[in-house]
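Chain naming here is simple, since letters A, B, ... match the order of the sequence lines and numbering starts at 1 in each. All values below come from the heavy atoms of this structure, side chains included, with hydrogens, waters and symmetry mates left out.
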Amino acid sequence: MSTEFDNVFEDLQWRNAIAEATPGANEILAREKVTCYIGFDPTAQSLHIGNMVPIMGLVRMQQHGHTPIAIVGGGTGMIGDPSGRSEERPLLTPDQINENVQGIQRQLESFLDFSEESSNRAVVVNNADWLSKVSLIEFLRDTGKHFSVNTMLSRESVRSRMDRDTGISFTEFSYQLLQAYDFLRLFEERNCTFQMGGSDQWGNILGGIDLIRRVHGGTAASQDQQDLSRLEAADLPAHAMAYPLITTSTGEKFGKSIGGAPTLDPEQTSPYRLYQFFFNVTDPDAVPYLKLFTMLKREQIEGLEESVQTAPREREAQQTLAAEVTRMVHGDRGLEEAKRVTKALFSNDLRTLSARELRGALTEASHGMVRPVDLSGGITLASAVTVNGGGMISSTSELRRLVDQGAVKINGQVETDPLRQLTDEDFIDRQVMVVQRGKKSHDLIWLEPDAR
RNA sequence: GCAGGGGUUGGGGAGUGGUUAAACCCGGCAGACUGUAAAUCUGUUGCCUAUGGCUUCGCAGGUUCGAAUCCUGCCCCCUGCACCA
């Protein structure tokens with residue numbers, strides 16, 4: 001695969017995907033093909049869109065001929081990264097972690113090229129493979145000896161916790177050693193000389209390079225890691241770069257909109273919702289996201305950039321962004337589904353669709369709350385809509401408020417009476433009812449099949 | 001351990017006996033405008049079988065016609081001091 005950029009570094013730089021880099025990293029990447037890695041925390045069952053940045057980082061590395069390794073932190077996950085946390089993390093059970101590791105591993109596999117024929121095929125490794133096997137004594141002697149507690153204490157993630165009375169446990173304090181050790185192992189076993197990560201991980205990443213340097217010699221072995229940036233490229237046995245943490249143009253944490261960050265798991269976040277998430281991105285965010293989240297070429301993106309300027313109404317950039325991401329995550333079928341549902345929901349002719357079509361389109365759509373309802377005992381709209389909780393409307397009071405504000409539509413018709421009795425007339429084809437809250441949220445309710 | 005301060009509705013933060021479901025700000029949600037955008041404006045933001053009722057102000061009791069507001073005990077947090085080192 002070829003691109004318009006000479007090397008990954010330039011590519012990533014153009015995409016604003018580089019916040020930090022070790023001195024000389026750009027030359028290395030231009031000159032040789034390296035093996036690089038990024039770590040993924042198994043704190044949840046599924047990756048979410050925030051993880052797209054690192055994933056795309058690996059994808060682009062591979063595209064440019066480098067060999068990507070994804071580490072899932074089955075071992076470090078047992079410890080917990082103190083970065084960005086004001087309190088001690090609850091420890092996950094080994095079972096949970098295992099489950100999460102497997103889920104994440106599966107998801108990663110759909111982005112990277114793992115084929116045997118590939119000369120730079122991707123690898124997924126679990127750091128539990130080695131972390132769970134090192135002996136404590138061995139670790140303290142061989143690795144711990146290279147770390148100065150003074151330096152470790154000065155780490156922002158540690159210091160902020162020391163200042164609070166809750167403090168930090170030895171467990172989390174040790175985290176930085178483990179992460180550094182990962183890099184050392186990959187360096188030794190897989191000739192991996194490059195690490196990428198979020199800029200919040202920069203300290204940990206440098207710790208890894210420093211460890212490698214101390215273990216494998218180098219003239220400046222006694223220097224403090226704080227001074228890494230002053231070293232010449234030649235002194236560094238390994239390199240790294242960090243991507244910036246993404247925020248929206250208004251400074252919010254990325255992905256925090258509608259009900260939390262969309263995940264990459266279709267069970268948790270339907271393709272439709274993922275599509276909608278990106279479709280609704282604001283103008284100033286559209287182009288930066290296109291650069292970060294898609295494989296589109298420079299000229300395509302520049303074309304879209306112009307379209308945001310000249311014809312914002314067309315929302316070409318958002319549409320392309322949404323389509324590209326959805327296809328990458330859920331494939332052509334997922335994208336098709338997302339578009340089909342979008343069309344059904346925003347064309348305002350719900351009544352013309354059949355129950356079958358609606359169910360097909362909506363079951364996995366929007367809030368995904370599909371709930372059966374039994375009419376036989378008589379039921380009000382309010383109780384139908386709020387059954388089981390968990391839907392987009394959580395209480396009768398909330399329904400009333402929304403109805404008062406003219407925000408609720410049933411099958412496309414504005415609703416005025418939250419307490420009216422439902423009849424099977426309210427269900428399209430006497431089967432399904434589409435509840436709409438505001439412009440963008442939908443629920444689907446269907447009649448209990450045998451209660452009709 | 002001693003002394004002092006404090007725990008209020010998603011967050012911040014008023015309120016120290018009734019007119020307080022609890023000011024105000026932020027956030028959230030919705031409406032208008034628009035482009036399924038941003039900005040702006042408006043409304044709303046405990047629950048219910050709803051011109052009323054119920055449950056909320058760390059927890060448990062108590063005093064009162066009436067408590068978030070007063071008393072008692074407990075839990076948790078912050079600040080000084082002491083102890084430890």
Do the side chain of A/Gln276 and the base of B/rU36 come within less than 3.5 angstrom through a donor-acceptor pair of N or O atoms?
yes

Checking only heavy atoms, does the side chain of A/Arg400 share a donor-acceptor pair with the base of B/rA50 at less than 3.5 Å?
yes

Test item: A/Pro42 and A/Val72 side chains (from C-beta on) under 4.5 Å apart, heavy atoms
no

Send over the distance from [X] [atom1] to [N] [atom2], rounded to a whole Å.
X: A/Arg437; N: B/rU44; atom1: CZ; atom2: P; answer: 16 Å
X: A/Tyr289; N: B/rA38; atom1: OH; atom2: P; answer: 12 Å
X: A/Ile393; N: B/rC48; atom1: CD1; atom2: P; answer: 12 Å
X: A/Leu345; N: B/rU36; atom1: CG; atom2: P; answer: 14 Å
X: A/Gln405; N: B/rU44; atom1: CD; atom2: C1'; answer: 5 Å
X: A/Asp417; N: B/rA50; atom1: CG; atom2: P; answer: 12 Å
X: A/Leu402; N: B/rC47; atom1: CG; atom2: P; answer: 11 Å

Residues two or more places apart in sequence or in another chain: which of them pass ring pair (Phe, Tyr, Trp, His ring centres under 6.0 Å) with A/Phe139?
A/Tyr181

Residues two or more places apart in sequence or in another chain: which of them pass salt bridge (Lys or Arg N to Asp or Glu O under 4.0 Å) with [X]?
X: A/Arg437; answer: A/Glu398
X: A/Asp426; answer: A/Arg420
X: A/Arg15; answer: A/Asp11
X: A/Glu316; answer: none

Does OP1 or OP2 of [N] have a side-chain N or O of [X] closer than 4.0 Å?
X: A/Arg420; N: B/rU49; answer: no
X: A/Ser395; N: B/rC48; answer: yes
X: A/Lys440; N: B/rA37; answer: yes
X: A/Ser397; N: B/rG46; answer: no

Pairing partner of [N] (Watson-Crick or G-U wobble, both distances under 3.5 Å):
N: B/rC24; answer: B/rG12
N: B/rA3; answer: B/rU79
N: B/rU63; answer: none
N: B/rC29; answer: B/rG43

Please state the P separation for the pair B/rC33 and B/rU42 - nearest whole angstrom.
16 Å

Less than 4.0 angstrom from a charged side-chain N to a carboxylate O is my criterion; do A/Glu138 and A/Arg141 meet it?
no

Lys/Arg-Asp/Glu bridge criterion (N-O < 4.0 Å) met for A/Arg401, A/Asp404
no

Looking for any heavy atom pair under 4.0 Å, which part of the strands does A/Thr342 touch: base, sugar-phosphate only, or nothing?
base

Quick one: list whatever passes side chain to side chain contact (heavy atoms under 4.5 Å, CB included) with A/Gln268, sequence neighbours left out.
A/Gln45, A/Ser46, A/Thr263, A/Asp265

Taking only residues two or more places apart in sequence or in another chain, which ones pass side chain to side chain contact (heavy atoms under 4.5 Å, CB included) with A/Glu299?
none

At under 4.0 Å between heavy atoms, which parts of nucleotides 52-57 of chain B does protein reach? Answer with one letter per nucleotide, 5' to 3': B base, S sugar-phosphate only, - none.
------

What nitrogen or oxygen pairs link the protein and nucleotides 33-35 of chain B at under 3.5 Å?
| from | atom 1 | to | atom 2 | distance (Å) |
| --- | --- | --- | --- | --- |
| B/rU34 | O4 | A/Lys439 | NZ | 3.3 |
| B/rG35 | OP1 | A/Arg313 | NE | 3.3 |
| B/rG35 | OP1 | A/Arg313 | NH1 | 2.3 |
| B/rG35 | OP1 | A/Arg313 | NH2 | 3.4 |
| B/rG35 | O6 | A/Asp283 | OD2 | 3.0 |
| B/rG35 | N1 | A/Asp283 | OD1 | 3.1 |
| B/rG35 | N1 | A/Asp283 | OD2 | 2.7 |
| B/rG35 | N2 | A/Asp283 | OD1 | 2.7 |
| B/rG35 | N2 | A/Arg315 | NH1 | 3.0 |
| B/rG35 | N2 | A/Gln318 | NE2 | 3.4 |
| B/rG35 | N3 | A/Arg315 | NH1 | 3.2 |

